[in-house]
Number of protein chains: 2
Amino acid sequence: MTVWDRPEPPIRPVPLDRERIVAAAVALADEGGLTAVSVRKVAARLDAGPMRLYGFISTKDELFDLMVDAVYAEILTEERPGDWREALHGLAHRTRQAALRHHWLADLLGGRPALGPNGLAVTEATLAALDGLADVDTVMRAVETVSAYFTGAIRREVADLRAERDTGLSKTEWQRARGPHVTRTLATGRFPALAKAVYEGTHVDAETSFTTGLDWVLDAVAARLN
Amino acid sequence: MTVWDRPEPPIRPVPLDRERIVAAAVALADEGGLTAVSVRKVAARLDAGPMRLYGFISTKDELFDLMVDAVYAEILTEERPGDWREALHGLAHRTRQAALRHHWLADLLGGRPALGPNGLAVTEATLAALDGLADVDTVMRAVETVSAYFTGAIRREVADLRAERDTGLSKTEWQRARGPHVTRTLATGRFPALAKAVYEGTHVDAETSFTTGLDWVLDAVAARLN
DNA sequence: AGAGTGAAAATACAGTGTATCGATATGAGA
DNA sequence: TCTCATATCGATACACTGTATTTTCACTCT
């Protein structure tokens, strides 16, 4: 009974779980954006047939949900914040950093309720940091308001980054970054206030812009908590 | 030479322009969401071949840009606001109303820089309302911050509306609206702060929630302008 | 009347999400 | 150890997508 007589054992299909699937999907999205994530491509990366994935998810949107929740794991932090302000500040900045690592997150942020374990854990941690500082409703409103701010801000920032990237390697200057179109439009004189803002405004980098707005909002929250 | 001898005059193709195209696209999106907008379906609605549209747009994303700008026309207003606060308040609420009329707007808001004529006009009007109340940079920051807030808030509101709609006709109660999943998760006791918020919080309708957060942010802006 | 030109239509291609169904490997029971 | 039931995987299929390319054709100008 030589080796050649015995048949090779059948190639068992690659074992799969949601974690591996989501990791593959995230990798694809990081490389080529959300549009690069297709069921076929994710499956191919795992040496599996496309339909295999539908044992773990029942729709592509669910895959996106899993991806978002995976990123919430990055946003989650062990160390407990010193106070509520630090908690909200940290949450905002960690979310922003996550979005800068995973641009596609900007497309998904706020698009669906984050009900995954990590998403809920983040919400829990945030609410816990504000617990007792005001009645539940006020706390709720505070978290919602801050979250709304930074999702909106992150979305715009990533949108601008993409626009810059797409219009070639145009640097941070607004005027030429947006290509000739804005410049020409402004030259018409129909948008004086906008022109003034563009030409007289000093360019601030995205991070300070983000932080400035965030601090304003946090001040507003502070006024209601105390 | 009877009528039958003479050939029918050739059917001239339907005249087209961007306005008609965008109107058709908006109608489709209003009925079935953004995914219902396909080049073929838009064209079909105009009795034209799909490729016809590519004379007016060069990519589907551009069609979306046009759609967004069309909605900005709804957001634009003739009457000049009494003061800056009214201007920002009005902008936020008109944008929200537009998004409630066109849910798909939430998917697009903030996704790309709004460089269309109406988008620019809205920005212009907003900046004009704040002009002179502070240095250009502060004004810029104010508009950005408020815009970030309401885009984020609108996105979440529409996301919640959809989630409610999709989980059947479950009413406004959080707990059962989110289906058994959240209820079960909360029952585990791992999310005490969240549970407290859900069970002890009084349900506020979306509009007051929106307005409350907005007022906070506007207060924050006021503190920097004066 | 014929040639040239522009636009519209048809065709084509490579991809998409997902339903369905036949093959097959695995574990249970005899 | 053999057989059968069951669950799982892969292949196939379908309807549809955005867009490039090719073909057709009505009209204008010489």
Side-chain angles (χ1 to χ4, degrees), chain A residues 1 5-22 24-68 104 107-108 111-112 162 166, chain B residues 6-22 24-68 104 107-108 111-112 162 166:
Chain A
M1 196 52 142
D5 294 322
R6 272 177 285 125
E8 282 198 63
I11 309 139
R12 320 265 280 102
V14 176
L16 232 53
D17 51 38
R18 286 192 184 156
E19 193 178 330
R20 287 169 49 80
I21 294 175
V22 173
V26 166
L28 277 168
D30 285 346
E31 292 163 19
L34 263 196
T35 62
V37 178
S38 82
V39 176
R40 284 167 170 80
K41 286 200 278 235
V42 172
R45 224 168 232 245
L46 301 163
D47 288 317
M51 284 303 118
R52 243 339 255 291
L53 302 195
Y54 284 91
F56 301 86
I57 55 174
S58 63
T59 210
K60 198 192 175 183
D61 277 346
E62 291 190 351
L63 176 57
F64 286 158
D65 288 345
L66 291 178
M67 291 169 68
V68 170
W104 49 269
D107 302 321
L108 264 23
R112 276 158 155 262
R162 285 182 178 143
D166 292 347
Chain B
R6 272 178 284 126
E8 281 198 64
I11 308 138
R12 320 264 282 108
V14 177
L16 233 53
D17 51 38
R18 286 192 183 156
E19 192 178 330
R20 287 169 48 80
I21 293 174
V22 172
V26 166
L28 277 167
D30 286 346
E31 292 163 18
L34 264 196
T35 62
V37 178
S38 81
V39 176
R40 283 168 171 80
K41 286 200 278 235
V42 173
R45 232 176 225 237
L46 301 163
D47 288 317
M51 285 301 119
R52 269 260 337 259
L53 302 196
Y54 285 91
F56 302 86
I57 55 174
S58 62
T59 210
K60 199 193 174 183
D61 276 347
E62 290 189 353
L63 176 59
F64 286 158
D65 288 345
L66 291 178
M67 291 169 66
V68 170
W104 49 269
D107 302 321
L108 264 23
R112 277 157 155 264
R162 285 179 179 148
D166 292 347

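Order of the sequence lines sets the chain letters (A, B, ...), proteins ahead of strands, with each chain counted from 1. Values below: every heavy atom of this structure, side chains too, minus hydrogens, waters and symmetry copies.
Separating the CZ atom of B:F64 from the C1' atom of D:dG18 is a distance of 11 Å, rounded to the nearest angstrom. One atom, CG of B:L28, and another, P of D:dG18, lie 11 Å apart when rounded to the nearest Å. Remark: C1' of C:dT18 and CG of A:L63 are 14 Å apart, rounded to the nearest angstrom. Taking atom CG of residue B:L53 and atom P of nucleotide D:dA20, one finds them 13 Å apart after rounding to whole Å. Counting to the nearest Å, the P atom of C:dT20 and the OH atom of A:Y54 are 13 Å from each other. Taking atom NZ of A:K60 as the reference point, atom P of C:dG15 lies 14 Å away to the nearest angstrom. One can place CG of A:L34 at 14 Å from P of C:dT16, the figure rounded to the nearest angstrom. Nucleotide C:dA8 holds its P atom 12 Å from the CG atom of B:D17, rounded to whole Å.
Between B:D107 and B:R162 there is a salt bridge, with a side-chain nitrogen of the basic residue lying less than 4.0 Å from a carboxylate oxygen of the acidic one.
Checked by atom type and distance alone, the side chain of A:R18 pairs as donor or acceptor with a backbone atom of A:F56 at under 3.5 Å.
Nearest-nucleotide positions on DNA chain D place A:M51 closer to the 5' end than the other of A:M51 and B:V39.
Between A:T59 and C:dG17, a side-chain N or O to OP1/OP2 separation shorter than 4.0 Å is absent. Residue B:K41 places no side-chain N or O under 4.0 Å from the OP1 or OP2 atom of D:dC16.
Using a 4.0 Å heavy-atom criterion, one finds that B:V42 contacts no nucleic acid atom at all.
For the side-chain contact (heavy atoms from CB on, under 4.5 Å) criterion with A:I21, the lone passing option out of A:I57, A:L63, A:V26 is A:L63. If you run side-chain contact (heavy atoms from CB on, under 4.5 Å) between A:R52 and each of A:D47, A:L16, A:V39, A:L46, only A:L16 comes through.
With hydrogens and angles left out, the side chain of A:R40 and the base of C:dG17 share a donor-acceptor pair within 3.5 Å.
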